[in-house]
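See structure below.
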Amino acid sequence: MDKYDVADTLELIGTLLELKGENPFRVRAYFTAAQTIRNTTADLMFYINSNSLTTLKGVGKDLAEKITDLAIHGDTKVLSELKSMFPPGVLELLKIPGLGPKRVKILYEQLGIASISELKYACERHQLQKLQGFGTKIEENILQGIEQITKSTGKFLYSIAKHTADILVESISQLKGVILCEVAGSVRRKKEVIGDIDILVSVEEYDIQKTSAEIIQLTQIEQVTGCGETKISTILKNGIQCDIRLVQPKSYPFALQYFTGSKEHNVALRTRAKAVGLSLNEYNFSSISKVQVPRCTTEDDIYKSLGLHPIPPELRENMGEIEEAETGIPKLISEQDIRGAFHCHTTYSDGSLTPEELCEAAKAKHWKFIGIADHTKSAAYANGMSIETAKRQIEHVRKLSTTLTNFTIFLGVECDILPDGSLDFPDSLLQEYDYVVVSIHSKFKMTETEATERIINALQNRYSTILGHPTGRLLLEREGYPINLKVVIDVAAKLQKVIEINSHPKRLDLDWRWIRYAKQHGVKLCISPDAHNAEGLNDTYYGVGIARKGWLEPRDILNTWSNTAIKTLFETIRKD
DNA sequence: GCCGTTTTCGGCCCGACTGTTTTCAGTCG
């Protein structure tokens with residue numbers, strides 16, 4: 001097992017212990033250790049070989065043994081014991097909003113419910129009402145929750161799908177006979193939520209059969225659900241459905257264009273081709289009048305043949321990009337354009353790096369600045385800073401700042417907007433910061449009026465504030481969008497404030513429809529990763545991936561800041 | 001199950017919300 005598998009397994013053990021009704025602090029120890037393992041920079045085997053696992057925070061003698069077992073053998077005694085106590089379906093029940101380990105335990109032990117379908121059946125027949133602590137409302141909420149998760153089943157966040165696809169593409173590329181291999185579909189278009197992965201492989205006709213046979217043997221594949229001459233349908237180890245298509249080199253550019261989609265973009269493109277006497281499919285162009293068939297060796301050639309500038313996959317949604325491509329396409333932001341990120345946490349709250357380490361991580365990415373924004377005291381679950389800690393941090397970071405050359409630290413704070421609309425820190429302290437991210441972390445089910453009042457109160461007359469990850473919910477967790485989002489954009493428009501697009505892969509808050517809505521209302525947006533470790537900084541780019549779908553150009557992002565210091569920095573960067 | 005010591009065991013984040021029950025338990029962030 002690699003460190004991510006080990007971390008996932010430790011969390012699984014923690015969850016099973018919770019179900020068993022174990023001491024909650026013992027449970028927490030597993031989750032803490034999982035987090036630590038996930039955040040380690042060195043390889044897990046390094047700690048094992050050097051016998052230094054116990055130097056990691058939250059890992060003692062006992063967990064060190066279990067981690068070693070998992071890393072080397074892929075299993076540990078306590079795990080198999082726990083697994084034998086609960087059928088796998090019981091764990092599924094925990095995914096239903098409002099159902100935690102205590103209630104799931106009761107449902108399993110008293111009603112024998114061990115799957116979502118059994119739970120649905122029981123709710124519909126009002127069998128839960130017989131249980132102590134359960135009533136009509138809980139039954140209703142569970143049914144609603146089941147409907148919600150059924151809808152999002154089989155959906156994965158972009159970051160997870162991309163990581164999975166990259167590994168598979170690399171494995172396939174190494175097979176003998178494979179000429180080219182790339183990810184297509186919605187992953188290539190950088191959609192924020194992915195249903196399945198499409199992978200395209202270029203092989204000579206005489207190699208197709210042999211290559212297919214080798215692909216289905218790859219370790220990443222859990223199950224082969226279909227295998228024809230040119231298409232293999234699979235389910236990968238992490239549950240993502242993946243279609244692999246094999247095409248001959250001459251068809252590859254056409255297949256890449258076709259399977260990248262979107263469907264709507266392709267329909268529009270074929271319509272355009274037809275208008276000039278050409279028919280376009282996944283294999284080639286053909287002539288439907290007496291037009292000469294253009295030669296295409298790359299995907300770009302296909303667009304050029306139709307009198308268009310090549311359209312980047314991210315924009316292929318038939319949202320006006322084809323018309324735009326007649327004259328030119330705006331240059332999209334690339335990873336190299338990123339110079340820094342705000343909303344990064346350090347060990348002063350719930351981050352795993354010290355300010356010094358965070359700066360080093362940012363410098364390693366050739367960034368020019370970093371914005372630190374740790375939690376304030378009311379975010380107790382995230383180890384929010386007391387006023388005293390905050391003062392200590394300000395002193396520490398300002399001092400660190402003076403030691404750095406060619407690199408700037410902006411010191412901000414992620415300040416909670418409390419339920420009454422006031423801010424968690426007094427204005428006198430907030431003035432000490434370069435910028436303030438104000439975030440809502442509580443009472444999500446507000447009415448529009450309540451939300452508006454709360455946010456307006458928090459933002460009023462405060463100069464350099466950013467409204468932090470305004471929805472505070474996983475995209476996958478809920479059907480539709482939290483009620484507050486429109487409110488947030490409307491308020492930001494009224495008060496001319498910046499909204500942060502939170503690109504932490506687990507909290508992908510906005511999709512391009514809302515970015516467009518914001519843009520229509522003149523609301524400025526910025527990208528931030530909500531990073532808690534060095535790896536988290538990479539998430540900035542995922543946010544850019546989303547943002548570009550809203551036709552956000554670099555200057556939009558660069559212009560989003562009102563704070564003079566930040567603006568000066570951006571002016572400098574722009575000159576580069 | 002870990003940590004930090006008062007070195008052998010007590011403390012470990014906490015407040016809000018919801019629903020059930022009538023004072024509290026479970027869930028969530």
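We name chains A, B, ... by the order of the sequence lines, and we start the count at 1 in each one. Below, each value reflects all heavy atoms present in this structure, side chains not excepted, and no hydrogens, waters or symmetry copies.
- Proximity of residues 59-78 of chain A to DNA chain B (heavy atom under 4.0 angstrom from any strand atom) is restricted to A:Val59, A:Gly60, A:Lys61, A:Asp62, A:Leu63, A:Lys66.
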Atom pairs and distances, donor-acceptor, side-chain atoms in residues 108-115 of chain A, under 3.5 Å, two or more places apart:
residue, atom, partner, partner atom, Å
A:Glu109, OE2, A:Lys105, NZ, 3.1
A:Ser115, OG, A:Ser117, OG, 3.2
A:Ser115, OG, A:Glu118, N, 3.2

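- Rounded to a whole angstrom, the distance from the P atom of B:dG29 to that of B:dT22 is 28 Å.
- Where A:Leu131 and A:Lys57 each meet DNA chain B at their nearest nucleotide, the meeting point lying more 5' is that of A:Lys57.
- Residue contacts shown for A:Pro24 are absent, as no nucleic acid heavy atom lies under 4.0 Å away.
- The closest side-chain heavy-atom distance from A:Leu430 to A:Asp427 is below 4.5 Å.
- In the set B:dC13, B:dT27, B:dC12, B:dC12 carries the atom at the smallest distance from any side-chain atom of A:Asn23.
- Near DNA chain B, meaning a heavy atom under 4.0 Å from it, residues 79-96 of chain A has no residue at all.
- For the residue pair A:Leu537 and A:Cys344, the shortest heavy atom distance occurs at CD2-SG, 3.8 Å.
- The stretch residues 114-126 of chain A has no heavy atom under 4.0 Å from DNA chain B, so no residue of it qualifies as close.
- Residues from residues 102-109 of chain A lying near DNA chain B, meaning a heavy-atom separation below 4.0 Å, are A:Lys102, A:Arg103 in numerical order.
- When the C1' atom is used for both B:dG15 and B:dC9, the distance is 29 Å, rounded to whole Å.
- Under the 30°/60° scheme for interplanar angles, the aromatic rings of A:Phe425 and A:Tyr433 are found to lie parallel.
- The NE2 atom of A:His396 sits 6.5 Å away from the OG1 atom of A:Thr354 when rounded to the nearest 0.5 Å.
- A:Gln132 has its CD atom 9 Å from the C1' atom of B:dT21, to the nearest Å.
- Following rounding to the nearest Å, A:Phe25 (CZ) and B:dC14 (P) show an atom-to-atom distance of 10 Å.
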Stepwise, does the salt bridge (Lys or Arg N to Asp or Glu O under 4.0 Å) test hold for A:Glu139 with A:Lys120?
-> CA-CA 9 Å; A:Glu139 275 184 344; A:Lys120 188 164 182 247; over 6 Å; no
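- For the C1' atoms, the distance from B:dC3 to B:dT8 is 13 Å, rounded to whole Å.
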Criterion side-chain hydrogen bond (donor to acceptor under 3.5 Å, both in side chains) on A:Ser352 and A:Asn533, from CA distance to verdict = CA-CA 5 Å; A:Ser352 65; A:Asn533 51 40; 4.6 Å; no
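- Within the 3.5 Å criterion, the main-chain N or O of A:Leu411 finds a donor-acceptor partner in the side chain of A:Asp434.
- Look at A:Glu11 and A:Arg38 and you find a salt bridge, because one of the NZ, NE, NH1 or NH2 atoms lies within 4.0 Å of a carboxylate O, short of that distance.
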Any chance you could lay out the side-chain hydrogen bond (donor to acceptor under 3.5 Å, both in side chains) test for A:Ser386 and A:Thr389, step after step, and finish with the verdict?
-> CA-CA 5 Å; A:Ser386 65; A:Thr389 309; 2.8 Å; yes
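- If you measure from atom NZ of A:Lys377 to atom P of B:dC14, you get 14 Å, rounded to the nearest angstrom.
- A heavy-atom distance below 4.5 Å is not found between the side chains of A:Thr347 and A:Leu353.
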Step by step, would you call A:Gln35 with A:His532 a side-chain hydrogen bond (donor to acceptor under 3.5 Å, both in side chains)?
-> CA-CA 11 Å; A:Gln35 194 58 33; A:His532 292 79; over 6 Å; no
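- One can place CD of A:Gln129 at 14 Å from P of B:dG19, the figure rounded to the nearest angstrom.
- In this structure, A:Asn383 atom CG and B:dC12 atom C1' are separated by 13 Å, rounded to whole Å.
- Spacing of P atoms, B:dA16 relative to B:dG10, comes out at 31 Å, to the nearest Å.
- Only one option out of A:Asn141, A:Ile96, A:Leu99 pairs with A:Ile146 in a side-chain contact (heavy atoms from CB on, under 4.5 Å); it is A:Ile96.
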Residue pair A:Thr76, A:Asp69: steps toward the side-chain hydrogen bond (donor to acceptor under 3.5 Å, both in side chains) verdict | CA-CA 6 Å; A:Thr76 183; A:Asp69 274 353; 3.2 Å; yes
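- B:dT18 sits 46 Å from B:dT7 when the P atoms are compared, rounded to a whole Å.
- Going from atom CG of A:Leu17 over to atom P of B:dG1 covers 7 Å, rounded to whole Å.
- Using the Watson-Crick or G-U wobble rule with both distances under 3.5 Å, B:dT8 pairs with nothing in any strand shown.
- With respect to the salt-bridge test (charged N to carboxylate O, under 4.0 angstrom), the residues A:Lys3 and A:Asp43 do not qualify.
- The distance between atom CZ of A:Phe31 and atom C1' of B:dT27, rounded to the nearest whole Å, is 14 Å.
- As rounded to the nearest Å, B:dT27 and B:dT20 have P atoms that lie 13 Å from one another.
- Between A:Ser401 and A:Ile409, the shortest heavy-atom contact is OG-CB, 3.8 Å.
- Rounded to whole Å, the distance from CD on A:Gln144 to P on B:dT18 is 14 Å.
- Across B:dC17 and B:dT6, the matching C1' atoms stand 39 Å from one another, rounded to whole Å.
- Residues from residues 133-143 of chain A with heavy atoms under 4.0 angstrom of DNA chain B, sorted by number: A:Gly133, A:Phe134, A:Gly135, A:Thr136, A:Lys137, A:Ile138, A:Asn141.
- The aromatic rings of A:Tyr435 and A:Phe342 sit perpendicular, their planes meeting at an angle over 60°, well past the 30° parallel limit.
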